[in-house]
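So the structure is just underneath, and the comments pick up after that.
Both counts, for ligands and for their atoms, begin at 1 and track the order of listing.
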Amino acid sequence: MLSLTIKEASLALREGSISPTELCRKCLNRIKKTQHLNAFITVTDELALRQAQEAETRLLQGSPKGLLDGIPFAVKDNFSTENIKTTCASRMLKDYTPPFNATVVQKLLDQGAVMVGKTNMDEFAMGAGSTDGAFGPVRNPWGYAAPYRENTGLDPDSNWVVTGGSSGGSAASVASLTSYLALGSDTGGSTRNPGSLCGVVSLKPTYGLLSRHGLIPLVNSMDVPGIITRSVGDAALVLDVLQGVDVKDSTTIPAPSSPTQLPEDFDVRNLCVGIPNEYHAPGLSEETVEQWSRVADMFERAGARVEQVSLPHTQYSIVCYHVLCCAEVASNMARFDGLEYGHRSEIDSSTETMYAASRHEGFNDVVRGRILSGSYFLLKQNYEHYFLKAQKVRRLITDDFKHVFNSGVDVLLTPTTLADAARYSDFTQEDNRTRSLQDDVFTQSVNMAGLPAVSVPTALSRRGLPIGLQLIAPALQDKRLLSVAQWIEQRVGFPSISEFEQRSEASDQWQKTKKEHTI
Ligand code: GLN
């Protein structure tokens with residue numbers, strides 16, 4: 001039951017083969033069973049059961065609110081949730097309880113969806129590993145699944161792999177079947193990166209299509225709520241629920257009209273798929289390249305045009321993102337001073353001392369580092385050299401995409417991350433921050449240009465860990481993007497983690513599944 005898609009579960013609920021309370025209990029039990037993943041900061045079990053009970057009443061009366069009625073979902077802990085702690089995985093906000101729901105959370109609740117909890121992340125969404133939060137790192141469920149255990153012969157408890165980040169808890173939750181959908185946030189890749197490493201579908205919608213109201217900001221000009229599901233069709237369904245103008249977020253734009261259902265038999269014969277030359281980046285693993293060419297070949301064989309294209313300013317994207325991100329972080333984080341918001345230090349001999357001590361105690365060194373860098377970039381004498389120049393480079397990066405899409409390319413096909421998930425011990429041994437910066441090389445320019453992109457799982461690596469590919473489309477073509485993604489999904493047949501779970505009972509079966517899906 002838990003490995004169904006939203007559509008299938010919704011049907012089961014309507015047919016009465018399972019009730020919303022039973023389904024909710026199953027998810028809550030599974031959250032308990034998978035506690036070692038550290039995917040949740042807060043489990044909202046009482047609230048979830050109450051909401052499930054209400055859904056049950058509606059379903060029994062034959063008047064469900066929508067397709068999501070009774071469907072369990074999880075929320076990254078940087079979305080405000082009414083009367084539920086919203087910590088951003090930071091000591092600064094460890095006791096913060098917002099008085100309102102973020103618009104996207106409210107929209108899911110309005111559809112009758114059942115919130116099971118708030119998920120773990122990198123502090124204030126800064127990171128690419130989900131290793132940098134105040135509540136400890138998140139573990140990737142695939143690091144415990146049979147293919148990885150078999151292929152590496154390693155003890156999963158001491159050799160677990162990271163989820164990627166910063167929405168690692170949300171991706172781990174959907175991958176480990178504790179929720180059917182989870183909200184992430186994506187500023188430079190934070191939804192797509194963990195989605196790819198955890199083997200789930202992860203959508204970064206066009207900037208402005210989903211309201212940011214109630215999403216605690218990282219980089220306002222790039223932040224978007226992200227959607228994590230187990231199927232592309234589910235992502236499309238959730239996008240329909242969440243998109244559209246919100247009076248509480250002036251950057252929102254009207255949703256383009258498009259059919260809710262993605263076409264089952266999308267025709268790729270008139271499609272032009274671009275392969276950016278510059279995305280053959282240093283550090284890209286051989287297996288990821290294999291997947292990339294395999295899927296490009298699939299398009300070609302099916303009659304699509306596959307073309308090499310150039311996005312020449314990609315080489316500046318990491319530095320450019322870094323300057324802009326830190327600049328916005330420096331101003332966004334100013335509100336957390338221990339008075340208006342957040343942790344207040346006991347060292348308070350003067351107001352200035354109290355501010356400094358509260359911020360020192362409340363933020364981790366990643367956040368403090370970015371505030372310092374951002375303040376430096378914004379100094380009067382540096383502003384033009386760093387901030388203004390980065391804005392100009394951002395325009396060039398955006399123009400690269402425009403140029404390619406205007407030349408007839410419909411979608412770009414790229415890797416999502418450089419390689420499959422790293423072992424925690426390796427990830428933290430290397431210079432974690434440099435690694436997390438490099439890991440965003442395929443995702444960050446998309447945020448700077450405001451475009452929609454999705455990561456789809458395509459195969460398991462030789463170690464038995466998921467590899468995802470990314471598709472990027474012109475602004476507001478989110479549905480078309482998903483149609484192409486679904487085309488890939490239908491052809492690669494990526495397995496659910498549940499296929500590897502009953503190891504002793506279904507040994508032959510999982511050996512077969514492993515053979516089919518491992519490179
Ligand atoms: N890894 C990037 C960063 O640390 C992206 C973060 C995000 O998308 N929230 O800034």
Does M448 reach the side chain of R394, with side-chain heavy atoms less than 4.5 Å apart? yes
Run the salt-bridge test on [X] and [Y] with the 4.0 Å N-O cut-off and return the result as yes or no.
{"X": "D186", "Y": "K204", "result": "no"}
{"X": "E123", "Y": "R368", "result": "no"}
{"X": "D337", "Y": "R344", "result": "no"}

With heavy-atom distances below 4.0 Å as the criterion, list the atoms of ligand 1 near [X].
{"X": "S166", "value": "9 (N)"}
{"X": "Y321", "value": "2 (C), 3 (C), 5 (C), 6 (C), 10 (O)"}
{"X": "R370", "value": "3 (C), 4 (O), 10 (O)"}
{"X": "L218", "value": "9 (N)"}
{"X": "A125", "value": "6 (C), 7 (C), 9 (N)"}
{"X": "M126", "value": "4 (O)"}

Assess R230 against Y180: is NZ or CZ under 6.0 Å from the centre of the six-membered ring, and within 45 degrees of the ring's axis? yes
Does S185 reach ligand 1, in the sense of a heavy atom lying below 4.0 Å from it? no
Flag Q444 as yes when one of its N or O atoms lies below 3.5 Å from any N or O atom of ligand 1, and as no otherwise.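 The answer is no, given that Q444 and ligand 1 share no N or O pair closer than 3.5 Å.
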Return yes or no for this condition: an N or O of C325 is under 3.5 Å from an N or O of ligand 1.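 Min N/O separation from ligand 1 is not below 3.5 Å for C325.
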Please report the closest heavy-atom contact between P205 and V224, naming both atoms and the distance.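 Of all heavy-atom pairs spanning P205 and V224, the closest is O-CG1, 3.9 Å.
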Rounded distance (nearest 0.5 Å) linking atom CG of L396 with atom OH of Y316: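 Between L396 CG and Y316 OH, I get 9.0 Å after rounding to 0.5 Å.
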Considering only heavy atoms, does D440 approach ligand 1 within less than 4.0 Å through its side chain, its backbone, both, or neither? side chain
